[in-house]
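We name chains A, B, ... by the order of the sequence lines, and we start the count at 1 in each one.
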Amino acid sequence: MGDVLPVSQQPFLYQSANWVWLKREFSAWCELHGYQYVETPVVEELELFKRTSGETSDIVGKEMYLVKRSSGEAGGDDATLALRPEGSAGVCRAVVEHGLAKNAAGLKFYYIAPMFRSERPQRGRYRQHTQMGAEIFKEASAAADVEMIAMLAGFYNRIGLGDITVKINSVGDAECRPRYREKLIQFLEILRDQMSEDSRNRMHANPMRALDSKDDNDKRLFADAPTILDHLNQDCADHFEEVKQGLAKLGIAFEVNPRLVRGLDYYTKTAFEFECNTLDGAIKVIGGGGRYDGLVAQLGGPSTPGVGFGTSIERTLLALESQKIAIPAFPTPRVLVAYMDSGVKYDAFRIAEDFRAEDIHTDFLYQAKNLGKQMKHAAEQGVEYVVMVGGEEWERGEVRVKNFKTQEQSDIPKESAVHYVRGRMAGKL
RNA sequence: GCGGGCGUAGCUCAGUUGGUUAGAGCACAGGAUUGUGAUUCCUGGGGUCGGGGGUUCAAGUCCCCUCGCCCGCCCCA
């Protein structure tokens, strides 16, 4: 990502008002569903990600930023730490470390946090991206999967994003997936010499991903490949069935894609992705997630089911931009308190504080040479009222209040200026 | 990680076969206008020409390296 600044010439993606708004919307939506905020460190033990994401995954294999310990620390110069490439592993680690899975039921967490992957950056794909995610622990029921999908769909809907396609799949579990995997490798072996080099390299490390090849010839070759959905055991099949039925009952449209695979090895049963059709192919996926029933146990905790999702702020903003969805700008001041000369500057300052104490967004210039400058500033900021301090009326204990829209102005006792303006503003509504 | 394109003022860009002190528009600041903004006129501040090295009497311009952004892959969010 680049610098996120309150500058209107910045690209939409990097305007800070957009970020503030999106994060607030997400927090509010999660809290409405009973999720509570968590934060975990950016830097974790490298081993955590190796163990959870899978040694053969691209993320661990070539996209992780490695961090050396300081030379004074035990462990010396070895790069045994890493910048987190994804969010779930750290949250699971915290759940295990604090024994959270042992006592509370229905743990529901959300987070908004930067993730790091060492790749060649391009539009919609950054070395640092910010993920908004949620996780549910200790819930094996398919209803939890349904809530995750419904919640993310509801979030996009809440922020006005349309043209979203929900794709779901089941990737099986530790029992049925290896069986399918063997069968798939057998199928691919026969085509070995005809497939693309990329697919040949992938077929043993991650055969399910090979099926997802973009090569036209591969697509044709793999058309009749066995699918995971035909090889699920009873438990996984029942679970998937309930997810589909649950989504249907909630009126959430979805497509089943038996070739959908996620980039991390720890997923079990449900996997899902959200595509935004107004974005280009490569960056269409703006969010995704799935179930990870083995993850907590893998980290040394009690056997604890979990399901989660993540969505990228960057891609979500690109999606909002592609649909020309207006995001509220930062609020601008409604009142400017101006002063005639520096002798009354702090009197004006105090009056500005009176307005702010009444929750009226009020501006004040620290060093204004003359009233003209302050008027110009008021115009640029689009304020509704200017309160002028100084001159004859100030001697009488009054301030001059100017309605910037109508040009009308009148002198008001200084202690009732706030109530005067507030009354006018309220009357206008 | 692989292949390609682009980096000149805050922004959009110009800059000839290498040749004085790198320009324009917009934006910004000051003044005309010391109790009232939008027009106009005048003046001004701003640049490591992405960075480093090389060739040359001379480099924004040519060569090499590097960083950043963008595009296509791999992969992902």
Side-chain angles (χ1 to χ4, degrees), chain A residues 1-3 5 7-11 13-14 53 56-64 85-88 113-133 152 196-202 205-206 209-210 212-215 260-264 272-276 279-290 308-319 336 338-342 344 368-383 385-394 399-405 407-409 411:
Chain A
M1 63 171 274
D3 298 320
L5 303 169
V7 178
S8 60
Q9 297 99 312
Q10 285 275 103
L13 174 58
Y14 293 121
S53 299
T56 58
S57 70
D58 276 46
I59 287 175
V60 168
K62 64 175 192 183
E63 293 177 359
M64 202 143 54
E86 58 95 23
S88 298
M115 305 298 161
F116 303 83
R117 291 182 198 171
S118 159
E119 305 177 276
R120 189 82 161 259
Q122 38 185 284
R123 181 179 170 81
R125 201 190 69 182
Y126 307 95
R127 291 189 173 132
Q128 172 177 344
H129 82 278
T130 313
Q131 192 169 312
M132 303 188 291
L152 191 50
S196 68
E197 198 184 330
D198 275 338
S199 294
R200 203 153 44 236
N201 292 336
R202 271 179 305 209
N206 199 337
R209 183 157 299 289
D212 206 22
S213 175
K214 283 166 194 154
D215 185 277
L260 188 153
V261 196
R262 311 237 63 234
L264 307 163
F272 56 88
E273 286 185 348
F274 283 68
E275 289 187 356
C276 177
L279 289 176
D280 297 334
I283 59 166
K284 262 188 156 181
V285 179
I286 59 172
F309 72 74
T311 181
S312 137
I313 289 187
E314 288 83 354
R315 285 194 186 172
T316 302
L317 286 175
L318 290 172
L336 173 77
Y339 46 95
M340 303 305 170
D341 57 80
S342 58
V344 291
K369 289 194 179 57
N370 56 48
L371 196 55
K373 297 290 177 211
Q374 297 175 84
M375 287 298 179
K376 188 180 177 192
H377 181 80
E380 284 165 357
Q381 292 293 307
V383 306
Y385 288 89
V386 175
V387 175
M388 287 166 267
V389 175
E392 301 160 14
E393 70 276 12
W394 181 250
V399 293
R400 185 157 295 170
V401 179
K402 175 174 179 171
N403 180 323
F404 225 68
K405 304 275 147 54
Q407 304 296 314
E408 294 171 78
Q409 53 187 31
D411 294 350

With rounding to the nearest 0.5 angstrom, report the [atom1] to [atom2] distance, [X] to [Y].
| X | Y | atom1 | atom2 | result |
| --- | --- | --- | --- | --- |
| A:Met375 | A:Glu380 | CE | CD | 13.5 Å |
| A:Glu408 | A:Lys402 | CD | NZ | 11.0 Å |
| A:Met388 | A:Leu371 | CE | CG | 6.0 Å |

Applying salt bridge (Lys or Arg N to Asp or Glu O under 4.0 Å), can you list everything that pairs with [X], at least two apart in sequence or on another chain?
| X | value |
| --- | --- |
| A:Glu273 | A:Arg262 |
| A:Glu86 | none |
| A:Glu63 | none |

### Task
List in chain and number order the residues that pass ring-ring contact (aromatic ring centres under 6.0 Å, His included) with A:Phe274, two or more places apart in sequence or in another chain; answer none if no residue qualifies.
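Expected list: A:Tyr156.
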### Message
Holding to ring-ring contact (aromatic ring centres under 6.0 Å, His included), I want the full list of residues that pass it with A:Tyr339, two or more places apart in sequence or in another chain.
### Response
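Only A:Phe364 meet the ring-ring contact (aromatic ring centres under 6.0 Å, His included) criterion with A:Tyr339.
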Measure from [atom1] on [X] to [atom2] on [N] and round the result to the nearest Å.
| X | N | atom1 | atom2 | result |
| --- | --- | --- | --- | --- |
| A:Arg209 | B:C73 | CZ | C1' | 15 Å |
| A:Ile283 | B:A77 | CD1 | P | 14 Å |
| A:Leu279 | B:C71 | CG | P | 12 Å |
| A:Leu13 | B:C69 | CG | P | 12 Å |
| A:Asp280 | B:C71 | CG | P | 8 Å |
| A:Arg127 | B:C69 | CZ | C1' | 10 Å |
| A:Glu314 | B:C76 | CD | P | 18 Å |

### Query
What does nucleotides 34-39 of chain B look like as a protein-contact string, B for base, S for sugar-phosphate only, - for none, at under 4.0 angstrom between heavy atoms?
-BBB--
### Message
Once side-chain contact (heavy atoms from CB on, under 4.5 Å) is applied, do any residues pair with A:Pro121, and if so which ones, sequence neighbours excluded?
### Response
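For A:Pro121 the side-chain contact (heavy atoms from CB on, under 4.5 Å) partners, ignoring immediate neighbours, are A:Arg127.
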### Query
Partners of A:Asn403 by side-chain contact (heavy atoms from CB on, under 4.5 Å), sequence neighbours excluded?
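In terms of side-chain contact (heavy atoms from CB on, under 4.5 Å), with neighbours along the sequence ignored, A:Asn403 is linked to A:Tyr385, A:Lys405, A:Thr406.
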When rounded to the nearest Å, what value does the distance between [atom1] atoms of [N] and [M] take?
| N | M | atom1 | result |
| --- | --- | --- | --- |
| B:U8 | B:A24 | C1' | 13 Å |
| B:A9 | B:C26 | C1' | 12 Å |
| B:C65 | B:C71 | C1' | 23 Å |
| B:G5 | B:G23 | C1' | 26 Å |
| B:G60 | B:C49 | C1' | 5 Å |
| B:G50 | B:G10 | P | 13 Å |
| B:U56 | B:U61 | C1' | 13 Å |
| B:A32 | B:U39 | C1' | 14 Å |

### Task
Find the runs of at least 3 consecutive base pairs, i with j, i+1 with j-1 and so on, that include RNA chain B, using Watson-Crick or G-U wobble geometry with both distances under 3.5 Å.
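So far as stems of 3 or more pairs are concerned, RNA chain B shows B:1-7 with B:67-73, B:10-13 with B:23-26, B:28-32 with B:40-44, B:50-54 with B:62-66.
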### Query
Does A:Arg315 get its side chain close enough to the base of B:C76, under 3.5 Å, for a donor-acceptor pair?
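Under the 3.5 Å cut-off, the side chain and the base do form a donor-acceptor pair.
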### Query
Mind checking what makes side-chain hydrogen bond (donor to acceptor under 3.5 Å, both in side chains) contact with A:Glu275, not counting sequence neighbours?
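If we apply the side-chain hydrogen bond (donor to acceptor under 3.5 Å, both in side chains) test to A:Glu275, skipping adjacent residues, the hits are A:Lys167.
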### Query
Can you list the residues that meet the side-chain hydrogen bond (donor to acceptor under 3.5 Å, both in side chains) rule with A:Ser342, with sequence neighbours excluded?
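A:Ser342: no side-chain hydrogen bond (donor to acceptor under 3.5 Å, both in side chains) contacts found.
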### Message
By nearest heavy atom, map A:Pro121 and A:Gly287 onto RNA chain B; which one lands nearer the 5' end?
### Response
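Here A:Pro121 is the residue nearer the 5' end.
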### Query
Counting any heavy atom closer than 4.0 Å, what does A:Arg117 reach on the DNA or RNA strands: base, sugar-phosphate only, or nothing?
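Base contact - A:Arg117 has a heavy atom under 4.0 Å of at least one base atom.
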### Query
Reckon A:Arg123 touches a base, only the sugar-phosphate, or nothing at all at heavy-atom distances under 4.0 Å?
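Contact class for A:Arg123: sugar-phosphate only.
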### Message
Closer than 3.5 angstrom, by distance alone: can the side chain of A:Thr311 be matched with the main-chain N or O of A:Ile286 as a donor-acceptor pair?
### Response
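A pair under 3.5 Å: yes.
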Quick one: which protein N/O atoms are closer than 3.5 Å to N/O atoms of nucleotides 2-12 of chain B? Pair and distance per line, please.
unit_1, atom_1, unit_2, atom_2, d
B:C2, N4, A:Arg120, NH1, 3.4
B:G3, O6, A:Arg120, NH2, 3.4
B:G4, O6, A:Arg120, NH2, 3.4

